[in-house]
Participant: 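One structure coming up, written as structure tokens, with questions to follow.
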Amino acid sequence: MSTASSAKWRKALEDLPATPDNIPSFFFAHGSPIIAFDPTVAAEMGPMGKHQGPTGPLANFLKDFGPTLLRKYNPKGIVVFSAHWETQGERLVTDYGQENPLLMDYYGFPPELYQLQFKSKGDTKLAQRVVELFNKAGQKARTTSVQEARGEDGRGFMGPGLDHGVFVPFRIMFGEEFLDIPIVAVSFDSSLDPEKNWEVGKAVSQLRKEGILVLSGGLTSHNLRDRTSFSPDTASNLHKEFDSALHEALQKETSNERKKELFDLTKHVGFRASHPREDHFVPIYVAGGAGEDGKVRVLLDSYGLATVAFGVNV
């Protein structure tokens, strides 16, 4: 990681206007469990471990990103969408009460990764507000409690909880104990359709004016069949061409033009090289829908780790 790249993202974060009454929505790179590896273990993974690991650009960016969000917006709550939680036909909204459990939905990793801690709380009122907004937009939604399993845990059981697309980056962003601000997680649409997921984000856009921070996590390059896609040192020209096309789309001046270009990315010649399945890319549409108005700011432009603010109002 270069000093120039860290200076660049710190300036981008500092330049975000402090608008707590109209908070931007954010698509953020949530990384992979490698970001929580021991640095020595990550280093043994070569370029992927260097770029995606605990000493790479994303880990260092997240350390600045979280505190900036709290300082600039002083949110009353956080609503988060994760690439690892999709549902068909209706949105599920966590109502986990005084402690959000963790769903360690990864397999075959070192034992210490199943001992990671992130202590946070939910909020019934916020969860119900999210459901209300979806219903108002004509979308089915309901809350889900700790009594309802939402996925399979890498430790061998079905359970509820915040998945690793949330707690792995959040523990870097906010610390291992984060109890001052409630967190509610929401599923996105498993159709993976850009328009439908844009509408998912649009349905909750009002939260931004109610002091709620809307975050949507994924990765702009995610091909587990081709690990070269995870590092600029090994990525193919197709991977890099797609990455460049994404940033070109984000720079479009008008919201309509930008939306069209973002939708067209799924037809890009390099899209499937970076995303055999769209699940990690679709969250950018959720964030885009939630922040359809206003400007766009790219906060981190490191290859495959784009983090973007939508709906920035100066």
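Just so it is clear, the structure is predicted and the values come from calculations on it, not from any experiment.
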Participant: Using side-chain heavy atoms (C-beta onward) and a distance below 4.5 Å, is Asp233 in contact with His51?
Facilitator: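 They are not in contact (no side-chain heavy atoms under 4.5 Å apart), so the answer is no.
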
Participant: Can you confirm whether Ile23 sits close enough to Ile212 that some side-chain heavy atom of one is under 4.5 Å from a side-chain heavy atom of the other?
Facilitator: no

Participant: If you link ILVMFWY side chains whenever their heavy atoms are less than 4.5 Å apart, which other residues fall into the same cluster as Phe157? By chain and number, please.
Facilitator: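 Noted: Phe157 shares its cluster with no other residue.
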
Participant: With the side chain counted from C-beta on, respond yes when Leu305 and Pro57 share a heavy-atom pair under 4.5 Å apart, and no when they do not.
Facilitator: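 Counting from C-beta outward, Leu305 and Pro57 do come under 4.5 Å.
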
Participant: To the nearest 0.5 angstrom, please state how far the CD atom of Gln52 sits from the CZ atom of Phe37.
Facilitator: 11.5 Å

Participant: Do the charged groups of Lys76 and Asp123 touch, with an N to O distance under 4.0 Å?
Facilitator: no

Participant: Under the ring-ring contact (aromatic ring centres under 6.0 Å, His included) rule, collect the residues that match up with Tyr106, sequence neighbours excluded.
Facilitator: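 Scan of Tyr106 (ring-ring contact (aromatic ring centres under 6.0 Å, His included), adjacent residues dropped) gives Phe109, Tyr114, His164.
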
Participant: Could you grab the distance from atom CD of Glu195 to atom CD of Glu199, nearest 0.5 Å is fine?
Facilitator: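 Rounded to the nearest 0.5 Å, the CD-CD separation comes out at 5.0 Å.
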
Participant: Pairing donors with acceptors under 3.5 angstrom, does anything connect the side chains of Thr254 and Asn256?
Facilitator: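 Note: Thr254 and Asn256 side chains miss the donor-acceptor criterion.
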
Participant: Compare all side-chain heavy atoms of Val204 with those of Phe134 and state whether any distance is below 4.5 angstrom.
Facilitator: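 In contact.
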
Participant: Would you say Asp163 and Ser82 are linked by a side-chain donor-acceptor pair, where the criterion is simply a distance under 3.5 Å?
Facilitator: yes

Participant: If you count the non-hydrogen atoms of other residues, nucleotides and ligands that lie under 6.0 Å from NZ in Lys72, is the total more than 12?
Facilitator: yes

Participant: Could you give the distance from CG (Asp243) to OG (Ser274), rounded to the nearest 0.5 Å?
Facilitator: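 Rounded to the nearest 0.5 Å, the CG-OG separation comes out at 7.5 Å.
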
Participant: Verify, without hydrogens or angle tests, whether Arg142 (side chain) and Arg91 (backbone) share a donor-acceptor contact under 3.5 angstrom.
Facilitator: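 Pair absent, no side-chain N/O of Arg142 close to backbone of Arg91.
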
Participant: Answer with yes or no whether the hydrophobic clustering places Val41 together with Leu113; edges join I, L, V, M, F, W, Y residues whose side-chain heavy atoms lie under 4.5 Å apart.
Facilitator: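 Per the 4.5 Å side-chain linkage, Val41 and Leu113 are co-clustered.
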
Participant: Between Trp85 and Phe281, is there a shared hydrophobic cluster once you connect ILVMFWY residues whose side-chain heavy atoms come closer than 4.5 Å?
Facilitator: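 Different hydrophobic clusters.
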
Participant: Give the cluster check for Phe61 versus Val166: same hydrophobic cluster or not, with ILVMFWY residues linked at side-chain heavy-atom distances below 4.5 Å.
Facilitator: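 Phe61 and Val166: one cluster.
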
Participant: Between Glu261 and Arg258 (salt bridge meaning N to carboxylate O under 4.0 Å), is one present in this structure?
Facilitator: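 So Glu261 does not pair with Arg258 through a salt bridge.
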
Participant: Between Phe118 and Phe178, how do the two ring planes meet: parallel, tilted or perpendicular, split at 30° and 60°?
Facilitator: parallel

Participant: Do Asp105 and His84 have side chains that get closer than 4.5 Å, going by heavy atoms?
Facilitator: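 Side chain of Asp105 against side chain of His84, heavy atoms only: contact under 4.5 Å found.
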
Participant: For the hydrophobic clusters of this structure (ILVMFWY residues joined by side-chain heavy atoms under 4.5 Å, transitively), does one cluster hold both Leu102 and Ile78?
Facilitator: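 Cluster IDs for Leu102 and Ile78 match.
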
Participant: Rounded to the nearest 0.5 Å, what's the gap from CG on Leu300 to CG on Asn60? Could you check?
Facilitator: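 Here the rounded value is 10.5 Å.
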
Participant: Hey, are Asp264 and Lys267 close enough for a salt bridge, meaning a charged N less than 4.0 Å from a carboxylate O?
Facilitator: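 Yes.
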
Participant: Taking a hydrophobic cluster as the set of Ile, Leu, Val, Met, Phe, Trp and Tyr residues connected by side-chain heavy atoms closer than 4.5 Å, whether directly or through intermediates, do Leu70 and Trp9 fall within one such cluster?
Facilitator: yes

Participant: Heavy atoms, side chains only, cut-off 4.5 Å: are Val79 and Ile183 in contact?
Facilitator: no

Participant: I'd like to know if Glu278 and Arg272 make a salt bridge, using a cut-off of under 4.0 Å between side-chain N and carboxylate O.
Facilitator: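 A salt bridge links Glu278 with Arg272.
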
Participant: Quiz question: by atom type and distance under 3.5 Å, do the side chains of Ser236 and His239 form a donor-acceptor pair?
Facilitator: yes

Participant: Relative to each other, are the rings of Trp198 and Tyr285 parallel, tilted or perpendicular (30° and 60° limits)?
Facilitator: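 Tilted, since the angle between the ring planes falls between 30° and 60°.
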
Participant: Test Phe170 against Asn100 for side-chain contact (heavy atoms from CB on, under 4.5 Å), laying out the working first.
Facilitator: CA-CA 13 Å; Phe170 275 22; Asn100 287 320; over 6 Å; no

Participant: Output all residues satisfying ring-ring contact (aromatic ring centres under 6.0 Å, His included) with Phe167, sequence neighbours left out; order by chain, then residue number.
Facilitator: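 Checked Phe167 against ring-ring contact (aromatic ring centres under 6.0 Å, His included); zero matches.
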
